[in-house]
Every structure is written in structure tokens, then in C-alpha cells.
Amino acid sequence: MNLHTLLLDKFKAALIAIGAPEGTPAPLSRTTRAGFGHYQFNGAMALSKVLKQNPREIAQKIVDAVELDTEVEKLEVAGPGFINIYLNPEWLAQQLQAANADVRLGIEAEQQQTVVVDYSAPNLAKEMHVGHLRSTIIGDAVAKTLEFLGHKVIRQNHMGDWGTQFGMLLAHLNDKLAANEVAETALSDLEDFYRAAKVRFDNEEGFADRARDYVVRLQSGDAQCMQLWQNFIDVSIAHSEEVYDRLNVALKRSDVMGESAYNNDLAATVAELQSAGIVVESQGAQVAFLQEMADKEGNPAAYIVQKSGGGYLYATTDQAAIRYRNGVLGADRTLIFTDVRQALHFKQTELVARKAGFINAQQSYEHCPFGMMLGSDGKPFKTRTGGTVKLAELLDEAIERAEVLINQRESDLSAQERKIIADKVGIGAVKYADLSKNRTTDYIFNWDSMLSFEGNTAPYLQYAYARVQSIFRKAHVDDVNLQADIQLDEMQEQLLAIKLMQYVEAIKQVSNEATPHVLCTYIYELASLFMGFYEACPILKEGIDEQTKNSRLMLAQLTAKTLQSGLDLLGIETMDKM
RNA sequence: GGUUCCAUAGCUCAGCUGGAUAGAGCAACGCCCUUCUAAGGCGUGGGUCGAAGGUUCGAAUCCUUCUGGGACCA
């Protein structure tokens, strides 16, 4: 059941019935202010000019024409011609009843699409730092949401596992192994390893030449070199997987489709672009000139797919990836989560790929950008020592802080239970801090706000869930077999009920726009309304009759299910006690 | 130089295809734990939505110019 869709269809029909021209906008929205109903239809004012009638009269005609009966308590014309829609609490109660009885919470699956979601994509030469958080968890949340809505999601971890810096790393690794070090030990700290290799590259006689030699051997598929590379990659991927595991991110080894995976397709990709006439030779390089993106003087943008020396670029790999995803995997949609600096690149990439027919007219290619991480001074983020904050360290800190907080509180929880809770609360807080912001612009990294457990944070949402579980424990009610008629008498009950019914609206928006913060906002509002309901509408206290008690238990139950479902889509875990 | 994005409360951010009195959290101040978990609830203060024009019955939202900042391309 989708309230918005239901009402919109009815109002569209009403517009036709009163003789509005086809294509008349039907602006129907949730109401932001109490006293203006639950939804409002604002189409009458704009029609005033077209129909040459008073907007309030038009609004009244729409009200008369709209075929809403049991769904609605009343429709009122207000102000210059707003139509305020008040939903019928009894009808709402029935919808909630149905949603609560359904494992999918009353949300129907959409028509299935195959969606490739490209996210995380760490650079395997370096350790994951906080800057990698966004792509990883936003992409994961969107992927899960798409799956929930019934789509076939193919995750692609386009890891940076190829390129010239690997020459340097492999040369260094080779020496370490020759000195009888174990790869895992040598690579235990990727940052240190990278730095050490870089120092040698810059200072050590002959090392740079050996590094370049390794690049050539790597690209030509030299067996010994590939073995060394594989060694490096295995350890490095294991590092990433450790972080994914801690972050409760669903990426698996089988989702890895790194840059190296396209190495053998690059020549063929360029050849196809050439034969299609999209790419031509210019100063020895293979270039697509894009007139569509020309500057003021009419100079087309240049998109290089092969350098004059024969080397390939990101552009080539991305074209090959499209060929694979849209051709072999049959993607209807492709979502790519990277930082905003690559926006121009992806715009050009799409243009070229469409011209080449790698993407057909029915397929979408959506770059989903996010901003850079800045320090509190508004400049690119660096720690005091000039480095980046390692993701693993951030998570450690979050869990530690959560543990301190838990230990301050009175509770009957065992030490082991506290540990588990600290883990879920700490990780949840870090993820939520990032997920709840959408802006494609840069964002300010701040330890305290990222590790905060108060207000609009994951712990608040987890706490709301735990409160419901506590009620059920105290009530000794079988959570599964609770049967009662929901009745919505109190204002807090009605507000909660309508919010519960709007879950589907939130997740549809997340899937359409790849914006998990919409879901965060929704869950926060839901939890907030539940807290209000919890304070105002006692459930187990004395003097509450059986029917009211059970009705409220049902509301609490559906709230818990919705919270859990939403948090699960965000990759945030819930717990029964905290 | 070209392209492009951004500017909302002291701070961090929401604001859906233009809608009624611009919302949250944090921070500040006041109240509520013998009462279903106070990681909570209720309340107060805090904004010329960067500036100026324009379109519209209606603009934080759309258009133009300007100011400031970022990014990308060269």
C-alpha cells in the first residue's frame, strides 16, 4: 500500500473529470504542518488561469469529483485553494493491520530490473581510510534497498588493482620475499609498505628502473610477476574484507571485478571504438572528440582512450567495464558511487559509450557522486601528522566510546553482551553519521559528530527498537501471534500510523535517486514519533484496558519491524537490549 | 582561461516535481526518572535562506547578474 500513489491516482482522475487539460500537473505532497491534514493537493491554483475560474471553486470541484470514500475522513479547501486531505483513522488501521501481517510490510515488489551497483572500489595499494566510507556504505545501502524492492542487483567492486604504482610495490615486495619475509607480515600495514616503497623509488639507486621494468612485465603477463602481483592483491583484498565485515557490508570476494579484470579487453574495446568512427588518431593517441561538450569557441572536448605510447587509461577500463556490464551482464541500470571529482569523466564516458552502442537507449548509466572529506578548517582533511584517518582506527575508537557509555549505565547485561552492543552501537553511529548526509558537495569530517550517540544518530534508532523489545518482554506476549484490532484514537497514534504507512515512499525514493539519507530521515522521524507515542500512550501501565493495550502493542510491533527493516537496508544492526 | 558544483540558525545538516508561519540534531537555558529502558520526553531563545534583479497567485526551490568558495578540464 502506497498512500501517495493511491491519492495521486485519484486526484489525477478527478482532474480529468473536471475538464482539466491533459498533462496538468498533479502536485500532491505530504503535509509538513499539523492542522493542514495528512496530505495536500495543490493543483487548483495553477489551474485557475487555464480554466479561467476562481481557484477555490476549482478546488471545490476537485473535492466533489475525487473518488475517495472510506480512505478519507475529510477533504477541506483552505487558503487560496489548497486541498487538505485527512485520512480516515479506521481505514488506516486496516492498512496497518495488513502491513503487520505481511513479511514485506505491505510493500509490493517492483517490476524487476537488473541493476549493476559499482561501489567501494578501494585502491589496493593503500589501506582503507575514512574517505572510502561513503562509497562503501552508501552503495551498499542502495544495493540492499534495490534488492528489497525486488530487483536483481549485481555488485561490482571496481578495485584499483592495476597501474604503474604496482611496479614500485612489486619490486619492493619481491625484495621482502627474497629476504624470507612472509607476504602477510610484509604487507600487514599497507600504508607503511607503500611509503617505504615510495622512499626507495625516490631515493634508491636503480630501484625506479626496476619498478618500471615490473610495470612492463606486469602488463605483458609475465608469470613470475603475476604471481607476485597476485600475492599482493590477495593480502590487500583480505584487508578490505576485514573492514567490510566489521562494517556489515555485503561485498564478497566474488563481487570483486577490479581494473585488472578488464586488461585483456582493452585492445578490443579501442578497436571497436575506432571501427565505429568514434575514436580517431590524434598526435599518436586514440581520441574521441566530443562536439556535444565543446567550449564556447566550439572546441570539442577530448576523451583519450589510448596514449601515444600505447598505454591505456581509466577511460579505456571504464568503456570495457560498460561493455561487460551492459552487454554480458545485461544491466538495465548502472549506478556508480565515486567522489564528485570524477563527474566530468563519467559524463564523457557515458556519451562515448552511448555513441558506441555499449549503452542502449533503454539502459541508464548513473554516476552517483559525493563530496570530498574536509577538515574542520574547510580544507582537505588531514590528521595532525598529515596522513589520513584509517577506517579501522575510526571504528576502534567508536566501539571504545560506546563501551565507556554502556559501562556508565546501570544494567544487568553481561560483559559479553556489552561487548556485542558496543560493537553494534559504535559501528552504527559511524555509518549513520555518513549515510544521513546526502550532499554531493564536500562534507566536514568531525570525530565528535561521527562518534556521537545522542540525537539524530543510529543509537537513537537502535534505542527505539530496543524499547519496543523491552515492552514485549515485559508483556509476555508472543510477538508472532499477537492478534488485535488496531484503533487510532490518540493524536500520537495517528501520527505514528501515517508515518508507518510511508515507509514505502521513502525506500522508493532511495532506489530512484540513490539517496539513503532519505531513508535515514524517514527512520529518524519514525523513531521520534514512536518516542512521542511511548511517552503519551502507556501500554502496560495500570488502567489500560485489554483492547487498547493490544492495539498499542500492534503499533509498537509494526514500528519495530519497520525500524529493523529500514536499519537493515542501511546496514545497521538492531538489538533487543541496550 | 573553459566547464561545473556549492552558499540555509553559533556548529553540522534536512527542505520531495515552486505552496500556507523555512525544519532537525548539537551547543545554550528551563522542566520531567517510586510510573512500559532518561542513549529518552516537553519547553525557551536563536534565520533579511550569500547579494541584487526577474518569472509567478505564490520562490530557500526556477531564470539572469554579481560576490565568495570548491572541483574538474586545459
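Order of the sequence lines sets the chain letters (A, B, ...), proteins ahead of strands, with each chain counted from 1.
- Following rounding to the nearest Å, A/E454 (CD) and B/G25 (C1') show an atom-to-atom distance of 10 Å.
- For A/Q40 against B/A20, a side-chain N or O and a base N or O form a donor-acceptor pair under 3.5 Å.
- The side chain to side chain donor-acceptor pair (under 3.5 Å) pairs that include a residue from residues 129-139 of chain A are A/S120-A/T136, A/R134-A/D434, where partners are two or more places apart or lie in different chains.
- In this structure, CE of A/M531 is placed 9 Å from C1' of B/U37, rounded to the nearest angstrom.
- Under the 90° criterion around 0 for the glycosidic angle, B/C26 counts as anti.
- Backbone-only contact: A/N438 has heavy atoms under 4.0 Å from sugar-phosphate atoms and none from a base.
- Between A/K355 and A/E292, at least one side-chain nitrogen of the basic residue sits less than 4.0 Å from a carboxylate oxygen of the acidic one, meeting the salt-bridge criterion.
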What donor-acceptor contacts under 3.5 angstrom involve side-chain atoms of residues 569-578 of chain A, with partners at least two apart or in another chain?
unit_1	atom_1	unit_2	atom_2	d
A/T574	OG1	A/Q564	NE2	3.2

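- Using a 4.0 Å heavy-atom criterion, one finds that A/N512 contacts no nucleic acid atom at all.
- In this structure, A/N84 reaches the bases: a heavy-atom distance under 4.0 Å links it to at least one base atom across the strands shown.
- Contact annotation for A/I406: base contact, defined as any heavy-atom pair under 4.0 Å involving a base atom.
- Nucleic acid contact for A/K541: base, since at least one base atom lies under 4.0 Å from a heavy atom of the residue.
- At the heavy-atom level, A/L8 lies nowhere under 4.0 Å from the strands shown.
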